[in-house]
Amino acid sequence: MFNEIPRQRPITPLLDQIDVPADLRELDETQLPQLAEELRAFLLYTVGQTGGHFGAGLGVVELTIALHYLYDTPSDRLVWDVGHQTYPHKILTGRRERMASMRQLDGLAGFPKRGESPFDTFGVGHSSTSISAALGMAIAAQHEGQGRKVAAVIGDGAMTAGMAFEALTHAAHCGTDMLVILNDNQMSISHNRGGLNTYFSKIWASRAYNNLRSGSKKVLSKIPPAWDFAKRIEEHMKGFVAPATLFEELGFNYVGPIDGHDLPNLVHTIRNMRALKGPLLLHIITQKGKGFAPAESDPVGYHALTKLEPGKLDPTKAVDVVTVKKGPPHQKGPKYQDVFGSWLCDMAEREPRLIAITPAMGEGSGMVEFSQRFADRYYDVAIAEQHAVTLAAGMACDGLKPVVAIYSTFLQRAYDQLIHDVALQNLDVLFAIDRAGLVGEDGPTHAGAFDLSFLRCIPNMLLMAPSDENETRQLLYTGFMHNGPAAVRYPRGSGPNVAIAAEMTALPIGKGVVRREGKQIAILNFGTLLPTALAAAEKLNASVVDMRFVKPLDHALLDAMAQRHQLLVTLEENTVEGGAGSAVAEYFIARGSDIALLQLGLPDTFIDHGTHAQQLAQCGLDIGGVETAIRKRLVQLGLSSPVAPVRSEVAP
């Protein structure tokens, strides 16, 4: 048990012998528990150096070892769900020496990534995809006549999504050979533990039992009453010690639950199950943060870590340590998620019809206080984005005012419901879209790069992009008071520390505001890149407009800017294709205007992980990048490049 994170690289004699899983399989089975301890210590050390997902990886150390020990990876396919838990997998699959680059620019990704390693059989980041992908691989192996094995690892949280059960049902229908491992680290499905269920699990996983089961089925199926009786006896036995009925009814041979940290028993059980045919489900119980006491007691708080703060080394210890520091570094302003959470509570006090809905993102969306103060108006629907949106639609049909708090990247999963169930019926649903734009170290799987594009094409939708904390609060209120579907998108992280007015005021729909008056160039900003726009404008003597609304656009303000300037520049942290800049271009094209327009935003590619600042620089959306792009366009247009600013005025 660790209470502190190793400050220096721990001594790992067994782990040092392993570069790829083939080396692992050379170890004697009795050495595996020692390897687990070394792997856990090394994981603590590396995450302490780089930051990243933490608790989930500690919980699957034994499982990761067992799977790579028993399966011929990468020939056998191992599919991880979500990917938070794959750091031990990366360490054992040839990437140990690169762990110091985790989630850094040009370094290892924080999730499985096919281009990074052949051992990463499926790229993930969103939950509940593993069973579908693994089934596809198992069917491919069957069609190709290959004998390779396929295993999927899915958590109890990810199992709450409908997609997982769709895949389970199809897998049972196909009867394809595959193993699904349900990693239950919250005990949300079963609390059954102890000697009795472990004993029966060994029996159910054994080849002798399954041969007897198959033989008995052939014989007793010819005598229906006898077969029905035998089947009921088996179901009652399993139901006595395990939640087998559901999975058995779906068509899986269920084994478990077993202790996922009991490595010898885990190896014994998986070895037996690997030899069986058909769809199999192994239910294991693990502890998130296993082996690190603070994470065991606070699995939510230690889901991920930032880097360790520099500290003094302890010369009295063989392995110097420093206590982990939780939470983000000092921010210059409140987090946008907390701005939303504060508004939500304030609005709920004023409006009893307000209902808050989240698909398992309550903490990340800043809803903890609301869930405590307004428990009867808070609905966490688990990982079920589609259900969350249609649930809100149903509530709105009968007079409630639902607010759906959802990450931009996860709203993509509920696009049909957004169109068909909310917008088509013009229902009063407010979408608070968190993590809009680039998200830094979490990379492309979690980036909110497309929401402006896929939302603005939907009829009846009011779409807003605030530039700071106060505007976020006021536009949330504006959207809530609006009659019809509305969306406010805001980024991960903190704002520029703008004073937030306690009073909530509905802003005029579709009206922007001029933040700086200049000449020749007007920068039309959509969202939180406003400080970048203002800084670049100082160097270019450009006007800056905070557009606020992507749909509807402020046509009068656009016309005024076009009349007074020779170049309009749109700026957004969304893909250029179909984004806010495209909306501006469409407006002028429809009018037959020949105004020069430069659209700046995210390029037509997926942006790899790095810091948020590095990502913006890579996309040319930092101050220097914006200035350079504008000067380049001026040269293309044959216009003189601006010099010193003439005046700088901020409109009220």
Side-chain angles (χ1 to χ4, degrees), residues 331-334 336 339 436-438 452 464-475 489-501 507 511-550 553-554 557-558 560-562 564-574 576 579-581 584 596-602 612-617 619-634 641-652:
Q331 305 284 0
K332 58 182 179 180
Y336 281 97
V339 174
L438 300 172
L452 293 185
M464 296 163 278
S467 61
D468 57 44
E469 303 97 317
N470 185 55
E471 234 177 51
T472 299
R473 178 177 173 86
Q474 307 310 328
L475 287 178
R489 58 108 64 173
Y490 45 89
R492 176 185 185 180
S494 62
N497 210 19
V498 170
I500 302 175
L507 302 181
K511 294 299 180 183
V513 60
V514 178
R515 296 297 186 187
R516 185 185 192 280
E517 289 280 7
K519 290 185 176 181
Q520 190 179 28
I521 307 158
I523 302 176
L524 312 176
N525 175 78
F526 295 87
T528 53
L529 290 178
L530 182 61
T532 299
L534 290 169
E538 286 292 331
K539 299 183 178 182
L540 298 165
N541 189 27
S543 297
V544 175
V545 179
D546 179 7
M547 292 296 294
R548 291 178 172 173
F549 294 86
V550 178
L553 286 170
D554 190 338
L557 188 53
L558 290 178
M561 291 296 106
R564 302 204 305 266
H565 300 85
Q566 296 172 289
L567 173 64
L568 299 186
V569 180
T570 62
L571 182 62
E572 62 191 300
E573 198 170 337
N574 182 87
V576 169
V584 173
L597 181 66
L598 171 62
Q599 295 170 238
L600 299 180
L602 302 180
H612 185 236
Q614 289 171 331
Q615 290 179 321
L616 289 177
C619 298
L621 295 180
D622 58 347
I623 298 170
V626 170
E627 180 188 359
T628 299
I630 294 174
R631 291 188 185 278
K632 182 178 179 181
R633 179 54 59 90
L634 290 173
S641 184
V643 287
V646 177
R647 57 197 171 106
S648 178
E649 299 175 0
V650 177

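Sequential numbering from 1 along the given sequence is applied to the chain's residues.
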Check whether any side-chain heavy atom of [X] sits under 4.5 Å from a side-chain heavy atom of [Y], and report yes or no.
{"X": "L553", "Y": "K511", "value": "no"}
{"X": "E471", "Y": "D546", "value": "yes"}
{"X": "H612", "Y": "R492", "value": "no"}
{"X": "M561", "Y": "V514", "value": "yes"}
{"X": "N574", "Y": "R489", "value": "yes"}
{"X": "E572", "Y": "L529", "value": "no"}
{"X": "L524", "Y": "V584", "value": "yes"}
{"X": "M547", "Y": "L558", "value": "yes"}

**Request:** Any chance you could lay out the side chain to side chain contact (heavy atoms under 4.5 Å, CB included) test for L600 and T570, step after step, and finish with the verdict?
**Result:** CA-CA 6 Å; L600 299 180; T570 62; 5.8 Å; no
So which atom in [X] and which in [Y] form the shortest heavy-atom distance, rounded to 0.1 Å?
{"X": "P334", "Y": "I500", "result": "CG-CD1, 4.2 Å"}
{"X": "V550", "Y": "F526", "result": "CG2-CD2, 3.7 Å"}
{"X": "N470", "Y": "A501", "result": "OD1-N, 2.9 Å"}
{"X": "V626", "Y": "A536", "result": "CG1-CB, 3.9 Å"}
{"X": "Y490", "Y": "Y336", "result": "CD1-CB, 3.6 Å"}
{"X": "V544", "Y": "A533", "result": "CG2-O, 3.8 Å"}

Interatomic distance, [X] atom [atom1] to [Y] atom [atom2] [nearest 0.5 angstrom]:
{"X": "L475", "Y": "D468", "atom1": "CG", "atom2": "CG", "answer": "9.0 Å"}
{"X": "L530", "Y": "L571", "atom1": "CG", "atom2": "CG", "answer": "9.0 Å"}
{"X": "L621", "Y": "L602", "atom1": "CG", "atom2": "CG", "answer": "6.0 Å"}
{"X": "R564", "Y": "I521", "atom1": "CZ", "atom2": "CD1", "answer": "14.5 Å"}
{"X": "K519", "Y": "L540", "atom1": "NZ", "atom2": "CG", "answer": "15.0 Å"}
{"X": "T628", "Y": "K539", "atom1": "OG1", "atom2": "NZ", "answer": "8.5 Å"}

**Message:** side chain to side chain contact (heavy atoms under 4.5 Å, CB included) for I630 and I523? Distances and angles first, verdict last.
**Reply:** CA-CA 10 Å; I630 294 174; I523 302 176; 4.0 Å; yes
When you measure from the side chain of [X] to the backbone of [Y], do you find a donor-acceptor pair of N or O atoms at a distance under 3.5 Å?
{"X": "N541", "Y": "G518", "result": "no"}
{"X": "R516", "Y": "A542", "result": "yes"}
{"X": "D554", "Y": "G512", "result": "yes"}
{"X": "N525", "Y": "G527", "result": "yes"}
{"X": "E469", "Y": "V498", "result": "yes"}
{"X": "S543", "Y": "E517", "result": "no"}
{"X": "R548", "Y": "V513", "result": "no"}

**Prompt:** Yes or no on side chain to side chain contact (heavy atoms under 4.5 Å, CB included) for L634 and Q520, after CA distance, side-chain angles and deciding distance?
**Reply:** CA-CA 10 Å; L634 290 173; Q520 190 179 28; 4.3 Å; yes
**Pairing residues for R633 by the salt bridge (Lys or Arg N to Asp or Glu O under 4.0 Å) criterion, not counting sequence neighbours** = none
**Request:** Take L598 and L568 through the test side chain to side chain contact (heavy atoms under 4.5 Å, CB included) and record every step on the way to the result.
**Result:** CA-CA 6 Å; L598 171 62; L568 299 186; over 6 Å; no
